Number of protein chains: 2
Amino acid sequence: MRKKNKNEFPKERILNEAEVLFAQKGFHEVTVREITKAAKCNLAAINYHFGNKENLYLEVFRARWVPRARRIREHVGKSLSAQDSPSPQAVIKALAQAFLEGPMSDEERKRHSQLMAREMARPTAAFDLVAEQAMGPLMKELAEVLRPGLPDKMGEDRLMLNMLSVLAMVLYFNFARVAVTRMTGREYDHAFRRRLVEHIVEFSLNGLGVGEKEGDR
Amino acid sequence: MRKKNKNEFPKERILNEAEVLFAQKGFHEVTVREITKAAKCNLAAINYHFGNKENLYLEVFRARWVPRARRIREHVGKSLSAQDSPSPQAVIKALAQAFLEGPMSDEERKRHSQLMAREMARPTAAFDLVAEQAMGPLMKELAEVLRPGLPDKMGEDRLMLNMLSVLAMVLYFNFARVAVTRMTGREYDHAFRRRLVEHIVEFSLNGLGVGEKEGDR
DNA sequence: GTCTATAGCAGGATAGAC
DNA sequence: GTCTATCCTGCTATAGAC
């Protein structure tokens, strides 16, 4: 049932190209002409396979984004399950790495963050997917693994704000790359992403009130 | 030279409504028909006064956003000049308050953050204005007032990352309100904004490595 | 399933009356 | 300066050949 050619079926190519373009520009700034051209298929293909443009957008989240979010969570979980009681430092580092240096290509991670940031900034029908299938489970999981390493008196709401703050940094350093590059004067390359992970871990650990002094540099 | 009516000149009304709509939806999702309707003037007015839609967008930044950014900076500066050598805590608090509880209405602050976040996520011709007239000067000023209260060994690049992280939180808690509300289960009301300022100050101070233990709650 | 052709409409911009 | 009427482009979506 495989196509003989290099690429997959048109439907898959459309999903791939649509995700790239939606992440870069957002829903309204992308045209179906653009997508079908990039996917090397016909203008009518989107309506045939997905009904309309909006449903294609949703399908990008269902078929691409949500599974990737799950892979990211699993990757974080796997990094941590090696240790039987992971330190807050290990937890934060696993999270930051997943978004900045993780198992995927930098382009893929950037795409993922951009789509997420777009939905959080201006929710569409896809927002429920983002909240229920990714943010919710991730926050819950993080709370569980962080809890044992934190001061007992830290309330749930405070822990949630702390986790959101870490997420804020992770997303920000992805979606605001141009601004970050301009302000720091540094290329957004491998070394810089590594530096960012280091920074986020340190800043967040201190932010959480469990910093290791600061002698590891 | 004042118009007898409640509102200002059409040109001013267009700028006002355009800023609201651009902040809410972004450039491409807003139509000139929408703007002129909201501004209660004619469809042709935008082209007459601004030449075209894109130039109106730029003019919103030049005539509204940049002056407000300056007012915010001045407000931060004024909060700090009362003290002759402001503590890092005072600096961060002034910054967080400026964006979350500051001198303007909540709607105005939200609008300001949204426009800023949009340009940082996907720069247009207005990005240079944002970077040169607001972010740059703000970062520079913050660095100057923070520096005396920080450990000497903190390098410039590290300080910059720290300030960007604070900015990340401030912007995030503004532009991702829907997500924040969903995750925390709290209304985005006066009390919650107050709580957010408190959180950002604490998290950032610790993040900066100069936290006051944590006995102030 | 994939294509071409086109319907039908909304967008930004403009001309010209007042 | 402000209006109405209209042009023209580019969009999504569909019909129908292959």
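Letters A, B, ... are given to chains in the order of the sequence lines, protein chains preceding strands, and every chain is numbered from 1. This structure is a prediction, so every number in the text was calculated from the model and none was measured.
- Computed from coordinates, the A/Glu29 CD to D/dC11 P distance equals 12 Å when rounded to whole Å.
- One interatomic measurement links the two molecules: NZ of A/Lys25 to P of D/dC11, which rounds to 10 Å at whole-angstrom precision.
- The existence of a salt bridge linking A/Glu101 and A/Arg109 is excluded, since no basic side-chain nitrogen approaches an acidic carboxylate oxygen closer than 4.0 Å.
- B/Ile35 places its CD1 atom 18 Å from the P atom of C/dA10, with the value rounded to the nearest Å.
- One interatomic measurement links the two molecules: CD of A/Glu8 to P of C/dT2, which rounds to 13 Å at whole-angstrom precision.
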In residues 177-185 of chain B, what donor-acceptor pairs under 3.5 Å come from side-chain atoms, sequence neighbours left out?
unit_1, atom_1, unit_2, atom_2, d
B/Arg177, NE, B/Asn174, O, 3.4
B/Arg177, NH1, B/Asp106, OD2, 3.0
B/Arg177, NH2, B/Asp106, OD1, 3.0
B/Arg177, NH2, B/Asn174, OD1, 2.9
B/Thr181, OG1, B/Arg177, O, 2.8
B/Arg182, NH2, A/Asp128, OD1, 2.5
B/Thr184, OG1, B/Val180, O, 2.7
B/Thr184, OG1, B/Arg186, N, 3.3

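- A/Phe50 places its CZ atom 11 Å from the P atom of C/dT2, with the value rounded to the nearest Å.
- From A/Leu196, atom CG reaches atom CZ of A/Phe173 across 5.5 Å, with rounding to the nearest 0.5 Å.
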Problem - Residues A/Glu12, A/Arg64; criterion salt bridge (charged side-chain N to carboxylate O under 4.0 Å, His left out); working and verdict - result: CA-CA 10 Å; A/Glu12 299 302 310; A/Arg64 293 280 186 276; 3.0 Å; yes
Problem - Per-nucleotide protein contact string for nucleotides 12-18 of chain C (B base, S sugar-phosphate only, - none; heavy atom under 4.0 Å) - result: BBB----
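- Spacing between atom CD of A/Glu12 and atom P of C/dT2 amounts to 12 Å, rounded to whole angstrom units.
- Between A/Asn52 and A/Val32, the closest side-chain pair of non-hydrogen atoms is not below 4.5 Å.
- Contacts of B/Glu19 classified as salt bridge (Lys or Arg N to Asp or Glu O under 4.0 Å), with partners at least two apart in sequence or in another chain: B/Arg68, B/Arg111.
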